[in-house]
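Just so you know, ligand 1 is whichever comes first in the structure, and atom 1 is the first atom listed for that ligand.
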Amino acid sequence: MGNEMSNNGMVISESSTPLPAGVHLPIYMDNHATTPLDPRVLEAMLPYFGAKFGNAASRNHSFGWEAEQAVDKAREQIAKLIGATAKEIIFTSGATESDNLALKGIAEMYRERGNHIITQVTEHKAILDTCKRLAKQGFRVTYLPVKADGLIDIEDLKQAMDDKTILVSIMFANNEIGVVQPIAEIGRLCHEKGVIFHTDAVQAVGKVPVDVEAMNIDVLSLSGHKIYGPKGVGALYVRRRNPRVQISAQIDGGGHERGMRSGTLNVPGIVGLGKACKLCGEEMEAEGKREAELRDYLKAKFEGALDYIHVNGSMEHHLPGNLNMSFVHVEGESLLMGINDIAVSSGSACTSATLEPSYVLKALGLGDDVAHSSIRFGLGRFNTKAEVDYVSDKVIDVVSKLRELSPLYEMAK
Ligand SMILES: *Cc1c(COP(=O)(O)O)cnc(C)c1O
């Protein structure tokens, strides 16, 4: 992909959008894909790459104790952010592993009790692909639909439950459209029916209040790199009482993490994850308010300048930093090429060689064209108002130019 793009012969040149002071290109606005490491997190981690290199499982010397202490502190920091206790935190290599461990570990452990699992269609692939595998192994999986606003209907969940249901897995907040599911209601229902409730809370933890007690969450996945921590480290919260949830290990060897996940602990990563959680706990409220303001400002600028645009997903139940917007009558690929100095995600997913429309947007009822012409803006801790101004001006400019060339847009008008 070059620096300039052509559409029907017309060249849309390098931006005519002025670059405000303090803005550097490219601009990163894709914080649901990953987040930059917070410098304070890096600082906390560095000693554990150096002199503090001990193995947290070494019980006979100070190197091991030092590492174990650091891990215990991180466990406390993570637990505190979600209303859990330190003993309920199991470290993993990230949320993909946490999701796999939760679903496969529960399915295996409770197989005698039943073989039915309930999830929903807009889950992350770490859940959907795991369910697919479990279905091959004889589990029955129900995929709840979502409404046009991206939320599940609690009535559908009630209807789907039967006496063979052992597990409900519904994500807390969606990574594409940012909608926040009715987690407390789902938790209450599962608790009443004695069904284990797992939630993939990767996008919610540290962004909105999460409380495993108040929300009756039994098992929860989280990841370091979505909350300004390091990549390759995550955690699984596993409830110890009311009820005590058991999980079959999927990795054997050494019996670390209460026997649920063997392997030498990634001490620097865990220290970073702990610090990231601590910072989120302290700053979440102010940060959420700031991001929501920037997001609403971005949305208002689009709505003031463009017609035939709409937001995807309920704005009422929404992550503060997310805006997923469709720019109808614009060719998706041209739009993305036109804004290639801005890092955002599109409503297209590259699967093998073809460009497939996002299954999440399709689940809301969007057609392929509209899905392709959708953009996810993921605002984060380090985005500024000046960046939002640049991004909105640039997108408005490119969309307007592309529409001048679009017969579909002319016809619609
Ligand atoms: C990023 C993400 C994951 C995967 O987490 P990793 O730590 O990258 O494996 C799972 N679920 C959701 C909702 C995510 O956004």
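Aromatic ring centres of Phe382 and Tyr228: separated by under 6.0 Å.
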List the steps, then state whether salt bridge (Lys or Arg N to Asp or Glu O under 4.0 Å) holds for Lys301 with Asp389. CA-CA 9 Å; Lys301 280 193 76 172; Asp389 270 318; 2.8 Å; yes
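Using a 4.0 Å heavy-atom criterion, the residues that approach ligand 1 are Gly94, Ala95, Thr96, Asp99, His124, Met171, Asn175, Asp200, Val202, Gln203, Ser223, His225, Lys226.
Asp307 has a carboxylate O that lies under 4.0 Å from a charged side-chain N of Arg403, or vice versa, which qualifies the two as a salt bridge. Ionic pairing of Glu283 and Lys289 is not present here: no N-O contact between side-chain nitrogen and carboxylate oxygen is shorter than 4.0 angstrom.
Lys231 NZ: more than 12 foreign heavy atoms inside a 6.0 Å radius.
By the side-chain hydrogen bond (donor to acceptor under 3.5 Å, both in side chains) test, Ser223 pairs with no residue at all, sequence neighbours left out.
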